[in-house]
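Okay, structure first, notes after.
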Amino acid sequence: GKIDSESFEGATTTRRWSDRVLGISGEIEVPVRTVWAMTANNATMSADLVRRSARIRIARKDGRPFDRTRARHPDVDAWTLRNYGRLTQAALLLVTSWLHAGRPRGPRTLDTYEAWGDVIGGILEHAGIPGFLADREAFLDAADPLTAEWRAFVDAWLKRHRYNRVTTKDLLVLADDCDLLAAVTAPGGVDRSRVSTLGRALAGRVDQVIHEVRIMRGSVGGVARYRLVPVGVDPTTVPDETDGGLFRTPTTASEEGPVW
């Protein structure tokens, strides 16, 4: 299934949580010091939860993950309780060694959780345990298939239209040709309705950066046009190869947004 909850998304980033107490007329506010953990079998997640998560993937090498007769620790719960002191000592030794080494930072981190990423990544890297957050891109694609499709769509867009301005209809044709964004464009429906649906989806992606290019929206004669612009490049310097036009910013108060 899909894990998608605005309340949970909020709880993973806020420092204090307030909510209504059931059964009484009043609210409660508490500090959030929780490390959230969950288990799931190949679950998908909302885009916001994906970017706030670090995956630990456990893949058994046989087709019966429930059969633990050949596992190193058949009763892992009992083994953990028996060795709780040793496991705690090992964890503290890793942390102590990292502290004595000057607290080196990890090679990767998470947006919004930079301090956590620096510490955990640093401890693991110092201990010779590589790979912290190394599968980030794969996790993002697997947990949020629609975002992965948008990446593939932008790749196809760049190959076909480069940095030229295009209409929503042009992009609908592209999506159909490449069999992408079916969840957005609803193949088989009325074209006019599908163009409107894709247009709303594109409007929600304006200024978003995907694969080092930014999706930008402008207008020609009041009709929406979209184009890709390389990150860090002034859009007014990027020519449209179809007619040599340049992106420019509004010049009058009546113009809505950038125009070409």
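Remember, predicted model here, so these are calculated numbers, not experimental data.
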Yes or no on side chain to side chain contact (heavy atoms under 4.5 Å, CB included) for Asp135 and Arg55, after CA distance, side-chain angles and deciding distance? CA-CA 8 Å; Asp135 67 341; Arg55 178 173 69 169; 2.9 Å; yes
Would you compute the distance between atom CG of Leu174 and atom NZ of Lys169 and round it to the nearest 0.5 angstrom? 14.5 Å
Are the side chains of Thr197 and Thr185 in touch, meaning some heavy atoms are under 4.5 Å apart? no
Run Tyr84 and Gln89 through side chain to side chain contact (heavy atoms under 4.5 Å, CB included) and show every step you take. CA-CA 9 Å; Tyr84 182 80; Gln89 181 185 41; over 6 Å; no
Less than 4.5 Å apart, any side-chain heavy atom of Met38 and any of Phe8? yes
If the threshold is 4.0 Å, N to carboxylate O, is there a salt bridge linking Arg51 and Asp111? yes
Contact between Trp17 and Pro31 at the side-chain level, heavy atoms closer than 4.5 Å - yes or no? no
I need the full list of salt bridge (Lys or Arg N to Asp or Glu O under 4.0 Å) pairs touching residues 7-17, with sequence neighbours left out, sorted by first then second residue. Arg16-Glu29
Should Thr168 and Arg225 count as side-chain neighbours, where that means a heavy-atom distance under 4.5 Å? no
Count the heavy atoms of every other residue, nucleotide or ligand shown that sit under 6.0 Å from CD1 of Ile24, and state whether that count exceeds 12. yes
Parallel, tilted or perpendicular: ring planes of Phe153 versus Trp157, cut at 30 and 60 degrees: tilted
Taking only residues two or more places apart in sequence or in another chain, which ones pass side-chain hydrogen bond (donor to acceptor under 3.5 Å, both in side chains) with Trp79? His73
For Asp77 and Thr80, run side chain to side chain donor-acceptor pair (under 3.5 Å): C-alpha distance rounded to whole Å, both residues' side-chain angles, the deciding distance at 0.1 Å, then the answer. CA-CA 5 Å; Asp77 291 338; Thr80 301; 5.5 Å; no
Close side-chain approach of Leu171 to Thr167, heavy-atom, < 4.5 Å: no
Not counting sequence neighbours, which residues clear side-chain hydrogen bond (donor to acceptor under 3.5 Å, both in side chains) with Asp177? List them please. Arg160
Answer with yes or no after comparing the ring centroid distance for Trp116 and Phe132 against a 6.0 Å cut-off, counting only values under it. yes
Taking the side chain as every heavy atom from C-beta outward, state whether Val209 and Val213 have any pair of such atoms under 4.5 Å apart. no
When you look at Tyr113 and Arg52, which way does the side chain to side chain contact (heavy atoms under 4.5 Å, CB included) test go after all the steps? CA-CA 8 Å; Tyr113 307 97; Arg52 300 169 186 179; 3.7 Å; yes
Are any non-hydrogen side-chain atoms of Trp98 and Arg103 less than 4.5 angstrom apart? yes
Between atom CG of Asp118 and atom CG of Leu110, what is the distance when rounded to the nearest 0.5 Å? 10.5 Å
Count the heavy atoms of every other residue, nucleotide or ligand shown that sit under 6.0 Å from CG of Asp207, and state whether that count exceeds 12. yes
Within-4.5 Å side-chain heavy-atom neighbours: Asp176 and Arg194: yes
Rounded at 0.5 Å granularity, tell me how far OG in Ser53 sits from CZ in Arg136. 7.0 Å
